[in-house]
Amino acid sequence: MTIQIHNSLTGRKEALVTLEPHHVRMYVCGMTVYDYCHVGHARSLVVFDTVRRYLRHAGYRVTHVRNITDIDDKIIQRAQENGEPMSALTERFISAMHEDCDALGVERPEHEPRATEYIGPIVAMIARLIENGYAYVARDGDVLYAVAKFAGYGQLSGKRLADLRAGSRVEVNEAKRDPLDFVLWKRAKPGEPFWASPWGDGRPGWHIECSAMSVALLGDHFDIHGGGMDLKFPHHENEIAQTCAACDSQFVNTWMHNGFVNVNAEKMSKSLGNFFTVREVQKTLRPEVMRMFVLGSHYRGPINYSHDSLQQADSALERLYTALRGVVVEWGVASVATARFAEAMNDDFNTPEALAALLALARDLNVAKAAGDARQASQFAGELLSLAKVLGILSLEAEVWLKALPGQSLDAPSVDPAAAEIDALVTARIAARKAKNFVESDRIRDQLLARNIVLEDGPQGTTWRYG
RNA sequence: GGCGUCGUGGCGGAGUGGUCACGCAGCGGACUGCAAAUCCGUGUACCCGAGUUCGAUUCUCGGCGACGCCUCCA
């Protein structure tokens, strides 16, 4: 059972062969912390969390690194605008990010290195690049990477230097030997935060931190490097140039890139201003819906963000939870669904197909329930839950989820203050039905329905849920 | 201009050289006091044109269209 992964470097699916047996070392580009996570960030977070979960499920030890960029131009600018120290700003958004991760069911990686804590390794790597002849100190004091010196430049993005120079929108900078050269170390201007270096006080450029931190934590040759499609060029291309030139190594075996979240067929992005933050959206949704939304399409394709898409994710989740409702769980029995699930996930993490396996299992479960086969139902429930866990969904009790209100966190669903009142109305309706007073019972049902509460009369009595 | 991704039924979204995705919505039926949930059944789907083939939605070429990267961006 091998796992096939689409490698952006070669453009095809390849069997995962880890450098160390049973151990995957994976680096994923994380956030620049000057604002809240939006749905685009959420997708990347969820996608690679799912990769991590599946690899562990498949028996690998996973060392997962997700960096935090806590020094760059935008952070400096934002901190100045707010009139607060940079560290106050970054700390705030780091905790916000962690809250968002919790809401999305995204586990903490093994390492979350911050750029500012790796200035030493960054400086050392830049020094090595200069030594090896790949970097130079420009007239204005910045240290630049000499792109032309690196033969493999463009291998990931499929670009040629000549093409890039031709119609490039890269700003012309007199200090650069080549317009495509990029900054490794940026000289501090007055009032800007800085660290000491052999080239004067300054700060790291954008790309070097990832090279330095991945090498420091995973070594100069590791298995998987991931991130959003938009990082492919120039960020990841530059990382390859830096690490390969500094360490004379292979660097990364498999590059993985997730597709964008679109809004009306346009990329959701900060610059377009068409973004929704995770916390904003989470207020109107039950927990896990956004994760389900992400899992509902393959990670490499685009997904369109809309109220309707979210609604559909909610429906599918509701179907799964409804099936599980009231069933005693028996663990450890696998049906054909488990094989289908594994086959789907082994094929480049095909989560839509994996979800289809879960939904098929829900049907089996419903059938067993209807047939009165409690044992069989329990086994299907156990199987469904153990597979769902690999995807990071169905983490709540069915009853809790179905009665949850939008905006509740995954960890501590608050008790709905209206629950007691709703229960009282349900009890009153049961009495009315017993007395065959259907006018009254229907009145109560309609009254609750107006509050988006759906009643279900089953053989075991009446239950309610939010619709 | 360069490079790249994509175009599947009402909607979302997998997949395949020749029987099945799956979910939502719709329709018919079962169940129900009526519903809801659930189950069963139900859809002339694969952008256009040419080619390869016994056979293409799936492979090749061309076209059209959408999007992305080439500047910060998950």
Side-chain angles (χ1 to χ4, degrees), chain A residues 8 11 28-32 35 37-48 66 72-74 154 157-160 162-171 180 182 206 226-235 237 257-262 265-272 275 292-293 296-298 300-304 306 308-320 322-323 325 340 344 347 350-360 362-363 365-367 369-371 402 433 436-439 441-442 445-446 449 453-459 462-465 467:
Chain A
S8 304
V28 181
C29 287
M31 295 274 300
T32 300
D35 209 341
C37 297
H38 66 233
V39 182
H41 299 120
R43 184 176 193 193
S44 178
L45 254 11
V46 167
V47 161
F48 289 103
R66 188 181 64 218
D72 92 332
D73 293 0
K74 282 180 180 162
S157 52
K159 295 176 189 305
R160 284 171 303 189
D163 295 339
L164 284 167
R165 290 194 193 103
S168 78
R169 292 180 277 165
V170 178
E171 62 182 289
L180 297 172
F182 57 91
W206 175 37
M229 289 284 276
D230 45 2
L231 297 180
K232 204 166 166 183
F233 188 90
H235 185 59
E237 194 68 63
H257 292 98
N258 67 274
F260 298 130
V261 176
N262 292 156
E266 264 187 336
K267 177 188 172 186
M268 179 183 290
S269 74
K270 295 259 183 182
S271 36
L272 288 169
F275 63 91
M292 189 70 170
F293 163 67
S297 39
H298 186 86
R300 281 191 284 120
I303 45 176
N304 200 51
S306 70
D308 199 50
S309 312
L310 255 17
Q311 203 51 55
Q312 294 203 11
D314 187 85
S315 297
L317 213 40
E318 187 171 282
R319 182 171 165 77
L320 294 176
T322 304
R325 186 177 223 186
R340 184 180 174 189
D347 183 15
N350 189 340
T351 53
E353 172 63 19
L355 284 174
L358 298 204
L359 286 154
R363 185 191 312 282
L365 169 46
N366 285 327
V367 169
K369 258 164 52 168
L402 290 165
R433 289 186 71 211
K436 304 247 187 256
N437 184 354
F438 296 120
V439 175
S441 70
D442 289 353
R445 187 171 63 197
D446 290 344
L449 191 59
I453 293 159
V454 181
L455 297 188
E456 288 165 7
D457 299 326
T462 299
T463 52
W464 65 270
R465 64 180 166 85

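Just so it is clear, the structure is predicted and the values come from calculations on it, not from any experiment. Letters A, B, ... mirror the listed sequences (proteins, then strands); counts begin at 1. Just the heavy atoms: all of them, side chains too, but no hydrogens, waters or symmetry mates, feed the values below.
No donor-acceptor pair under 3.5 Å is formed between the side chain of A:Lys159 and the backbone N or O of A:Leu164. Here the side chain of A:Asn366 pairs a donor or acceptor atom with the backbone of A:Ala362 at under 3.5 angstrom. Of the possible polar contacts, one joining the A:Ser309 side chain to the A:Asn304 backbone as a donor-acceptor pair under 3.5 Å is found. Under the 3.5 Å distance criterion, the side-chain polar atoms of A:Ser44 are left unmatched by any main-chain donor or acceptor of A:Gly40.
Atom name C1', nucleotides B:G62 and B:G26: the rounded distance is 39 Å, in whole Å. Nucleotides B:C69 and B:U52, compared at atom P, are 40 Å apart to the nearest Å. B:U16 and B:U8 have their C1' atoms separated by 12 Å, with the value rounded to a whole Å. When the C1' atom is used for both B:G28 and B:A50, the distance is 43 Å, rounded to whole Å. The same atom, P, is picked in B:G15 and in B:C22; the two are 15 Å apart, to the nearest Å. Between B:U32 and B:G43, the two P atoms lie 28 Å apart (nearest whole Å). Nucleotides B:C39 and B:G23 place their P atoms 9 Å apart, quoted to the nearest Å.
Straight-line distance from the CZ atom of A:Phe233 to the P atom of B:U5: 17 Å, rounded to whole Å. B:U5 atom C1' lies 13 Å from atom NE2 of A:His298, rounded to whole Å. In this structure, A:Glu353 places its CD atom 14 Å from P of B:C20, rounding to the nearest Å. Distance CG (A:Asn304) to P (B:A66): 16 Å, rounded to an integer number of Å. Rounding to whole angstrom units, CZ of residue A:Arg66 and C1' of B:A74 are separated by 11 Å. Between the CG atom of A:Leu272 and the P atom of B:A74 there is a distance of 13 Å, rounded to whole Å. Summarising the geometry, the separation between CG on A:Asp308 and P on B:G12 is reported as 8 Å, rounded to the nearest angstrom. Counting to the nearest Å, the C1' atom of B:G2 and the CG atom of A:Leu180 are 13 Å from each other.
The side chain of A:Ser271 approaches B:C72 more closely than any other nucleotide in the set B:A14, B:C11, B:C72. Side-chain proximity of A:Ala356 to the nucleotides B:C11, B:A21, B:G68 is greatest for B:A21. Taking every side-chain heavy atom of A:Pro352 into account, B:A14 is the closest of B:C34, B:A14, B:G2. Listed nucleotides B:C72, B:A74, B:G2 differ in distance to A:Arg160; the shortest reach to its side chain belongs to B:G2. Among B:C72, B:G2, B:C67, the nucleotide with an atom closest to any side-chain atom of A:Ala265 is B:C67.
Mapping A:Val261 and A:Arg340 onto RNA chain B by nearest heavy atom places A:Arg340 closer to the 5' end of the strand. Nucleotides of RNA chain B nearest to A:Gly158 and A:Ile303 differ in position, and the one nearer the 5' end is that of A:Gly158.
A:Gly226 comes within 4.0 angstrom of no nucleic acid atom, judged by non-hydrogen atoms across all strands. In this structure, A:Ser441 reaches the bases: a heavy-atom distance under 4.0 Å links it to at least one base atom across the strands shown. A:Phe438 comes within 4.0 angstrom of a nucleotide base, judged by non-hydrogen atoms across all strands. Using a 4.0 Å heavy-atom criterion, one finds that A:Ser309 contacts no nucleic acid atom at all. Nucleic acid contact for A:Asp72: none, since no nucleic acid atom lies under 4.0 Å from a heavy atom of the residue. As judged by a 4.0 angstrom heavy-atom cut-off over every strand, A:Lys74 is placed among the base-contacting residues. The residue A:Lys267 sits close to a base: some heavy atom pair falls under 4.0 Å.
Using the Watson-Crick or G-U wobble rule with both distances under 3.5 Å, B:G26 pairs with B:U42. Across all strands shown, B:C59 pairs with B:G51; the Watson-Crick or G-U wobble distances both stay below 3.5 Å. Base pairing of B:C3: its partner is B:G68, meeting the Watson-Crick or G-U wobble criterion (both donor-acceptor distances under 3.5 Å). Pair assignment for B:C20 gives none, since no Watson-Crick or G-U wobble pairing has each distance under 3.5 Å. Base pairing of B:U32 is not made with any nucleotide, judged by Watson-Crick or G-U wobble geometry with both donor-acceptor distances under 3.5 Å. The partner of B:A14, taking Watson-Crick or G-U wobble pairs whose two distances both stay under 3.5 Å, does not exist in any strand shown.
Evaluation of atom-type donor-acceptor distances gives no pair under 3.5 Å for the side chain of A:Arg43 against the base of B:A74. A donor-acceptor contact under 3.5 Å is formed by the side chain of A:Lys159 with the base of B:C69. Contact of A:Lys232 with B:C69 (side chain to base): no donor-acceptor pair of N or O atoms is detected under 3.5 Å.
Close to B:G15, at under 4.0 Å from its OP1 or OP2, lies a side-chain N or O of A:Asn350.
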Test log, rule side-chain contact (heavy atoms from CB on, under 4.5 Å), inputs A:Ile303 and A:Asn262: CA-CA 6 Å; A:Ile303 45 176; A:Asn262 292 156; over 6 Å; no

Going through the checks in order, is the side-chain contact (heavy atoms from CB on, under 4.5 Å) test met by A:Leu320 and A:Met292? CA-CA 11 Å; A:Leu320 294 176; A:Met292 189 70 170; 4.2 Å; yes

Could you give me the CA-CA distance, side-chain angles and deciding distance for A:Asp347 and A:Glu353, then say whether side-chain contact (heavy atoms from CB on, under 4.5 Å) is met? CA-CA 10 Å; A:Asp347 183 15; A:Glu353 172 63 19; over 6 Å; no

Verdict with supporting geometry, A:Arg363 and A:Arg319, side-chain contact (heavy atoms from CB on, under 4.5 Å): CA-CA 9 Å; A:Arg363 185 191 312 282; A:Arg319 182 171 165 77; 4.0 Å; yes

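In this structure, CD on A:Glu456 lies 11.5 Å from CH2 on A:Trp464, to the nearest 0.5 angstrom.
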Pick out the pairs of N or O atoms, protein on one side and nucleotides 36-39 of chain B on the other, that lie under 3.5 Å.
residue : atom : partner  : partner atom : Å
B:A36   : N1   : A:Asp457 : O            : 3.2
B:A37   : O4'  : A:Glu456 : OE2          : 3.3
B:U38   : OP1  : A:Arg319 : NH1          : 3.4
B:U38   : O3'  : A:Asn366 : ND2          : 3.1
B:C39   : OP1  : A:Arg319 : NH2          : 3.0
B:C39   : OP1  : A:Asn366 : ND2          : 3.3
B:C39   : OP2  : A:Arg319 : NH1          : 3.4

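Among A:Leu45, A:Val46, A:Val47, the single residue meeting the side chain to side chain contact (heavy atoms under 4.5 Å, CB included) criterion with A:Arg43 is A:Val47.
Ion pairing of A:Arg465 with A:Glu318 is present here, as a side-chain N (NZ or NE/NH1/NH2) and a carboxylate O approach within less than 4.0 Å.
Using a 5.5 Å limit on the distance between ring centres and a 30° limit on the angle between planes, the aromatic ring of A:Phe260 does not count as stacked on the six-membered base ring of B:A74.
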